[in-house]
*Asks:* 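Would you mind keeping the following structure in view while I ask a few things?
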Protein chains: 2
Amino acid sequence: MTQPDTKQRILDIAAELFARQGYTGTTIADIARELGTTTAALYYHFPSKAAILGGLLAKPLDAYTRLLDGLDSGHTTPEQLLGALIDITADSRDLATIFDRDPKALAMIDEQLPRSSAEMTAQTVAALAGPDPGHAALIRASSALAVAKAGTLAALDLGDGTLTPADRAEVLAVALRALKD
Amino acid sequence: MTQPDTKQRILDIAAELFARQGYTGTTIADIARELGTTTAALYYHFPSKAAILGGLLAKPLDAYTRLLDGLDSGHTTPEQLLGALIDITADSRDLATIFDRDPKALAMIDEQLPRSSAEMTAQTVAALAGPDPGHAALIRASSALAVAKAGTLAALDLGDGTLTPADRAEVLAVALRALKD
DNA sequence: GTCTATACCCGGATAGAC
DNA sequence: GTCTATCCGGGTATAGAC
């Protein structure tokens, strides 16, 4: 097993293509071409295109779900929450990309999810906005979330795919500044 | 002309559907159904699906282009630039949505554009980041831009589609705070 | 585990009657 | 200006040989 198994190679290729072209904008043929095989070969490893997406999202989605579960029971500070969001985004930029870029893929994912993605976002914003939020607090919370995503993606581009500690600190600082009135 | 002409009705319907489902995720049949006719009828008013998108984006795209042109020649403050971005986003939320959500539609638009959308974004970030920007400045600029978009969209949701002066001020303040070190 | 060939469906678009 | 009917291409997926 010096060469990584084909299944993993497919996931790697799909991750990159989905991030660049979106889920709907990427065809099975695109993935097969990059893999150097035919589309039929793909179906030996995955039963469907959706299954490829599923394999890609399983881990980050689980991490996000556990993060939200922790919100209810514990006392998570905004700093911890935003930091965790930055790390999840950095770990799987494709999740972040799909989450606010491909409504069709989103709808598909939602069907097999305990919580819909919209609910997850709403819960995150609510946690950041605090109790009894007015318009301003909700705007700030949405903005902080947007910074955690967009800022991290920008930092990843600057660092050739890796998030340096200094850049991470900067993104977090900006997000917190957006949140604070 | 008490009833608005069909052409405009189509644009209105398309704007809403594109924003909700994305351009690729919306079919001609979707639009026709909402309009109460068949798909063939649509083609009397527009030569193609792309033309509908084009009709939708013409004005906001022009506004954005003129904004960027003004950057070179004049001395635009970050406050003015971010304010203008907020207004453009509010005026046509579908442009904003398509701009960071539908890579396929984006590629299509890019073909008939003097400046590619990526260039336009890069130019905006550069203007916000100032001369000789380091990582931190670029992260802050990208974040401010993200706030101008996401914050405005959040505010529009809160205000049932309209951006109140107070909410606009809040978004602008948050964006400026993200930008400032 | 990968191939060739193909079924099948769906979305965009057209022809031509009314 | 809208209809019915249909074409066409592309994208997912399957059958079956190797």
Side-chain angles (χ1 to χ4, degrees), chain A residues 1-57 98 101-109 111-112, chain B residues 1-57 94 98 101-112:
Chain A
M1 291 118 190
T2 5
Q3 69 246 21
D5 58 320
T6 313
K7 206 159 182 166
Q8 188 55 48
R9 283 187 56 219
I10 293 172
L11 287 176
D12 291 341
I13 291 169
E16 202 230 317
L17 290 178
F18 287 171
R20 262 205 348 243
Q21 315 176 343
Y23 173 77
T24 318
T26 302
T27 69
I28 296 283
D30 288 338
I31 302 175
R33 190 182 324 114
E34 204 73 17
L35 185 65
T37 65
T38 60
T39 65
L42 275 181
Y43 284 89
Y44 174 82
H45 302 278
F46 289 93
S48 70
K49 184 185 174 187
I52 299 178
L53 180 62
L56 224 42
L57 295 188
I98 289 166
R101 268 171 56 165
D102 207 316
K104 207 156 203 176
L106 216 48
M108 232 189 45
I109 298 170
E111 287 170 11
Q112 318 145 330
Chain B
M1 288 124 185
T2 5
Q3 69 248 17
D5 58 321
T6 313
K7 205 158 184 168
Q8 188 56 49
R9 281 187 57 220
I10 293 172
L11 287 176
D12 291 342
I13 291 168
E16 203 230 317
L17 290 178
F18 288 170
R20 260 203 352 243
Q21 315 176 344
Y23 174 76
T24 319
T26 302
T27 68
I28 295 281
D30 287 338
I31 301 175
R33 190 181 324 112
E34 204 74 15
L35 185 66
T37 66
T38 61
T39 64
L42 276 181
Y43 283 88
Y44 175 81
H45 302 278
F46 289 92
S48 70
K49 185 185 175 187
I52 299 178
L53 180 60
L56 226 40
L57 295 188
D94 32 291
I98 289 168
R101 268 171 56 165
D102 207 316
K104 208 157 201 176
L106 216 47
M108 230 189 45
I109 298 169
D110 274 0
E111 287 170 12
Q112 319 147 328

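Chain letters run A, B, ... following the sequence lines, proteins first and then strands; every chain starts at 1.
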*Asks:* By a strict heavy-atom criterion of less than 4.0 Å, which residues belonging to residues 33-45 of chain A are in contact with DNA chain C?
*Replies:*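 Only A:T37, A:T38, A:A40, A:A41, A:Y44, A:H45 qualify.
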
*Asks:* Please enumerate all residues that pass side chain to side chain contact (heavy atoms under 4.5 Å, CB included) together with B:L42, with sequence neighbours excluded.
*Replies:*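 Side chain to side chain contact (heavy atoms under 4.5 Å, CB included) check on B:L42 returns B:I10, B:I28, B:I31, B:A32, B:L35.
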
*Asks:* Kindly write out the residues that satisfy salt bridge (charged side-chain N to carboxylate O under 4.0 Å, His left out) with B:R33, not counting sequence neighbours, or none if the list is empty.
*Replies:*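 Checked B:R33 against salt bridge (charged side-chain N to carboxylate O under 4.0 Å, His left out); matches are B:D30.
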
*Asks:* Write out all pairs satisfying salt bridge (Lys or Arg N to Asp or Glu O under 4.0 Å) with one or both partners inside residues 47-57 of chain A, taking only residues at least two apart or from two chains.
*Replies:*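 Not a single pair qualifies under salt bridge (Lys or Arg N to Asp or Glu O under 4.0 Å).
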
*Asks:* Which value, rounded to the nearest 0.5 Å, describes the distance between B:F18 atom CZ and B:I13 atom CD1?
*Replies:*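 Rounded to the nearest 0.5 Å, the CZ-CD1 separation comes to 11.0 Å.
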
*Asks:* Restricting to side-chain hydrogen bond (donor to acceptor under 3.5 Å, both in side chains), what partner residues turn up for B:Q8, sequence neighbours left out?
*Replies:*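 B:Q8 satisfies side-chain hydrogen bond (donor to acceptor under 3.5 Å, both in side chains) with B:D12 only.
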
*Asks:* I'd like the 5' and 3' limits of the part of DNA chain C contacted by chain A, with heavy-atom contacts below 4.0 Å.
*Replies:*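 Footprint of chain A along DNA chain C, 5' to 3': C:dG1 to C:dT4.
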
*Asks:* Mind checking if A:T24 touches a base, just sugar-phosphate, or nothing, with heavy atoms under 4.0 Å?
*Replies:*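 Result for A:T24 = nothing.
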
*Asks:* The criterion is side-chain hydrogen bond (donor to acceptor under 3.5 Å, both in side chains); which residues satisfy it with B:T24, sequence neighbours excluded?
*Replies:*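 Expected list: B:D102.
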
*Asks:* Quickly work out the A:F46 CZ to D:dT14 P distance and round it to whole Å.
*Replies:*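 It is 15 Å, rounded to the nearest whole Å.
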
*Asks:* Not counting sequence neighbours, which residues clear side-chain hydrogen bond (donor to acceptor under 3.5 Å, both in side chains) with B:E16? List them please.
*Replies:*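 In terms of side-chain hydrogen bond (donor to acceptor under 3.5 Å, both in side chains), with neighbours along the sequence ignored, B:E16 is linked to B:R20.
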
*Asks:* Round to a whole Å and report the spacing from CD of A:Q21 to C1' of D:dG11.
*Replies:*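 Those two atoms, CD and C1', are 14 Å apart.
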
*Asks:* Give every residue pair that meets the side-chain hydrogen bond (donor to acceptor under 3.5 Å, both in side chains) criterion with at least one member in residues 34-46 of chain A, sequence neighbours excluded.
*Replies:*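 Residue pairs with at least one partner in residues 34-46 of chain A: there are none.
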
